[in-house]
Amino acid sequence: MAHGSETNQLTEPEFVAGNGLLHRRALLGRGIVFAGAVSTGLGAVTAAAAEPLSDAPWSLNVGTPIPAYQTPSRFEAHVVRTRDNPDNVPRNSRARTPHQMLKGIITPNGLHFTICHGGVPDIDPAQHRLVIHGLVRRPLVYTVEALDRYPMVSRIGFVECGGNSAPLFSNQPIQADVQALHGLTSCSEWTGVLLSTLLEETGIDPKAKWMIAEGADSPHLSRSVPVAKGLDDAMIAMYQNGERIQPGQGYPMRLWLPGYEGNMNVKYLRRIKLTEEPAMSYYESRTYSQILPNGKAYRFYFLQEVKSFISSPSPGLKLKEPGYYEITGVAYSGTGRIAKVMVSADGGKSWGEAALQAPILPKAFTRFRMPWRWNGGPAILQSRAWDEGGNAQPTRAQFVALRGETTKPPAVTDFPSQHFNAITSWAVDAKGDLRHVYA
Ligand SMILES: Nc1nc2c(c(=O)[nH]1)N[C@H]1C(S)=C(S)[C@@H](COP(=O)(O)O)O[C@H]1N2
Ligand SMILES: [Mo]
């Protein structure tokens with residue numbers, strides 16, 4: 001890659017929008033000498049000399065034994081979830097995904113966000129049962145072992161808490177990183193039995209319009225789900241990225257409702273009751289309702305709408321020197337596939353189209369990338385997504401006009417409002433530090 005000193009510059013930079021945004025073609029690696037572009041002095045890439053490489057200590061000894069279940073390098077020990085209730089006082093607890101340190105579309109199992117309203121139950125899979133009853137022809141009880149023999153499917157998709165990004169309802173931009181602001185969404189490959197397979201077997205009384213799903217944890221969290229969703233793409237998920245679902249994700253099984261508000265994805269699932277009417281349970285009538293500026297609330301608000309955020313660069317990740325950077329993040333929509341992501345480096349004055357990394361799957365994270373040459377001056381980075389249903393991620397002004405904002409004290413964890421999906425802005429200053437702004 002090092003072609004000598006005369007190429008210590010971007011060659012033929014092809015700008016698509018203001019403040020250094022490059023055409024996504026640059027990601028193909030042609031027309032840019034990255035070695036020069038990523039290091040002008042401090043040196044991430046330097047000229048290679050011809051003499052033999054010297055040996056570091058780890059090259060001179062036999063390494064450690066291979067562990068039975070491996071965990072990341074000790075040098076990655078900072079890549080962890082942030083927990084808001086480490087002492088497990090009896091209330092809801094959250095652990096947030098460190099998006100600023102992840103680069104793909106799959107959230108590693110140990111880093112998937114978790115919300116438990118009554119701690120993580122220690123469920124013995126041999127004793128766990130799933131009951132499907134109510135307005136069905138034939139009520140049935142399933143063991144984990146039995147479900148393991150049913151036809152399974154694997155699908156990649158996200159789960160997002162309705163309360164994710166709630167700090168952005170504040171009328172002042174709260175100074176926090178992407179993990180604190182957007183860490184309540186994650187994406188996995190889920191494997192399990194489609195609920196439609198089981199409903200086929202129990203039969204459905206035509207009067208049934210709702211299913212009430214209930215968990216086996218101490219709050220017995222329950223939510224009402226339209227039967228239509230149950231017959232569409234709802235899954236009894238038992239595996240997460242190939243292995244048994246984590247305790248934090250609902251071991252031994254959860255309801256996965258692709259694209260629907262996190263809270264409805266009932267973990268530790270023990271019961272599905274088909275009914276004519278919704279249950280109006282605690283979590284659907286109080287905690288997870290969307291209060292509107294006029295004081296009214298949407299009765300039900302299932303969909304997690306089209307959204308994106310830049311994970312890198314983002315607050316806490318300093319730009320050490322001017323030069324080439326990749327702006328990257330995730331986009332997703334509960335409606336379907338992501339159609340387009342636009343990126344701005346000048347606070348929304350001009351936009352360039354980001355590259356979307358395949359696979360682009362419905363109701364899943366899509367990784368976007370945008371090449372950028374930072375000139376060392378101020379910049380405001382934004383991303384905006386569109387889905388295949390033609391829905392555009394709203395600007396902050398559009399969003400606030402419809403849903404309102406709050407003057408409540410700026411605590412990251414405690415905002416009453418749900419389903420924030422507007423644009424996020426990161427400001428870069430001349431020192432290369434990033435902060436959360438409204439633009
Ligand atoms: N049984 C049960 N299901 C639950 C919860 C819970 O506390 N108990 N939390 C809900 C909430 S509020 C969300 S956002 C999602 C989070 O899923 P995750 O913890 O797997 O990320 O699970 C939902 N399902
Ligand atoms: Mo949630």
Side-chain angles (χ1 to χ4, degrees), residues 81-85 88 90-99 106-123 128-131 157-167 179 182-192 211-225 234-241 243-272 279 281-290 301-304 332 334 365 413-420:
R81 302 187 296 177
T82 45
R83 299 183 296 157
D84 71 352
N85 186 13
N88 204 28
R91 63 166 173 86
N92 49 16
S93 320
R94 308 173 186 86
R96 291 176 158 84
T97 297
H99 293 294
I106 298 292
T107 311
N109 285 351
L111 299 175
H112 195 287
F113 87 93
T114 290
I115 299 186
C116 281
H117 293 277
V120 182
D122 181 28
I123 297 180
H128 183 81
R129 298 286 181 274
L130 170 63
V131 180
F158 73 87
V159 176
E160 180 177 35
C161 177
N164 191 32
S165 319
Q179 181 169 15
H182 298 308
L184 298 178
T185 184
S186 303
C187 184
S188 298
E189 183 204 57
W190 304 99
T191 298
M211 333 178 292
I212 298 156
E214 181 187 86
D217 51 344
S218 64
H220 295 316
L221 184 137
S222 75
R223 287 290 307 248
S224 311
V225 180
M235 182 195 286
I236 310 297
M238 302 164 76
Y239 294 81
Q240 175 182 2
N241 297 325
E243 64 182 358
R244 284 274 183 205
I245 199 166
Q246 293 283 327
Q249 268 55 72
Y251 184 87
M253 63 182 70
R254 83 173 312 161
L255 184 60
W256 180 45
L257 303 172
Y260 277 19
E261 174 179 82
N263 187 264
M264 301 172 75
N265 293 257
V266 175
K267 302 189 281 193
Y268 322 111
L269 184 69
R270 71 168 191 179
R271 190 155 82 107
I272 291 178
S281 71
Y282 176 82
Y283 290 100
E284 64 203 27
S285 50
R286 181 192 173 276
T287 306
Y288 284 90
S289 31
Q290 172 65 51
Y301 202 108
F302 299 145
L303 207 60
Q304 295 298 121
Y332 50 100
F365 281 6
T413 51
D414 194 26
F415 275 84
S417 296
Q418 302 287 319
H419 299 281
F420 184 96

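Just so you know, these numbers use all the heavy atoms, side chains as well, and skip hydrogens, waters and symmetry mates. In listed order, ligands and their atoms are each counted from 1. Numbering starts at 1 and runs along the sequence shown.
- Contacts between N265 and ligand 1 below 4.0 angstrom, taking non-hydrogen atoms only, involve the backbone exclusively.
- Residue, atom and distance of the protein heavy atom nearest to atom 9 (N) of ligand 1 are I115 O, 3.2 Å.
- Residue-ligand proximity, Q249 to ligand 1, at heavy-atom distances under 4.0 Å covers atoms 18 (P), 19 (O), 20 (O), 21 (O).
- Looking at atom 14 (S) of ligand 1, its nearest protein heavy atom turns out to be C161 CB, 3.3 Å.
- Closest to atom 12 (S) of ligand 1 among all protein heavy atoms lies Y288 OH, 2.7 Å.
- For ligand 1, the polar-atom distance check against V159 finds no nitrogen or oxygen pair separated by under 3.5 Å.
- Of the protein's non-hydrogen atoms, D217 OD2, 2.6 Å is the one closest to atom 8 (N) of ligand 1.
- For ligand 1, the atoms closer than 4.0 angstrom to any heavy atom of G262 are 13 (C), 14 (S), 15 (C), 22 (O), 23 (C).
- Protein heavy atom at the shortest distance from atom 19 (O) of ligand 1 is K267 NZ, 2.5 Å.
- Every atom of ligand 1 is numbered from 1 in the order shown, and the set under 4.0 Å from a heavy atom of Y268 is 1 (N).
- For atom 22 (O) of ligand 1, the nearest non-hydrogen atom of the protein is R254 NH2, 3.4 Å.
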ask   = Given the rule in the side chain to side chain donor-acceptor pair (under 3.5 Å) test, do Y268 and R254 qualify, once you have shown the distances and angles that lead to the verdict?
value = CA-CA 5 Å; Y268 322 111; R254 83 173 312 161; over 6 Å; no
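- The proximity of H112 to ligand 1, defined as any non-hydrogen pair under 4.0 Å, is limited to the side chain.
- Residues passing the side-chain contact (heavy atoms from CB on, under 4.5 Å) test with R83 are P86, A95, sequence neighbours excluded.
- Remark: the backbone N or O of Q246 is paired with a side-chain donor or acceptor of Q240 at under 3.5 angstrom.
- Below 4.0 Å from some heavy atom of G248 lie the following atoms of ligand 1, by number and element: 19 (O), 20 (O).
- For the residue pair Q304 and H419, a side-chain donor N or O sits within less than 3.5 Å of a side-chain acceptor on the partner.
- Side-chain contact check for S186 and T97: at least one donor-acceptor pair (N or O, by modelled atom type) lies under 3.5 Å.
- Between E160 and ligand 1, no N or O atom pair is found at a separation short of 3.5 Å.
- By the criterion of a heavy-atom distance under 4.0 Å, neither the backbone nor the side chain of M264 is placed next to ligand 1.
- The backbone and the side chain of F113 each have at least one atom closer than 4.0 Å to an atom of ligand 1 (non-hydrogen atoms only).
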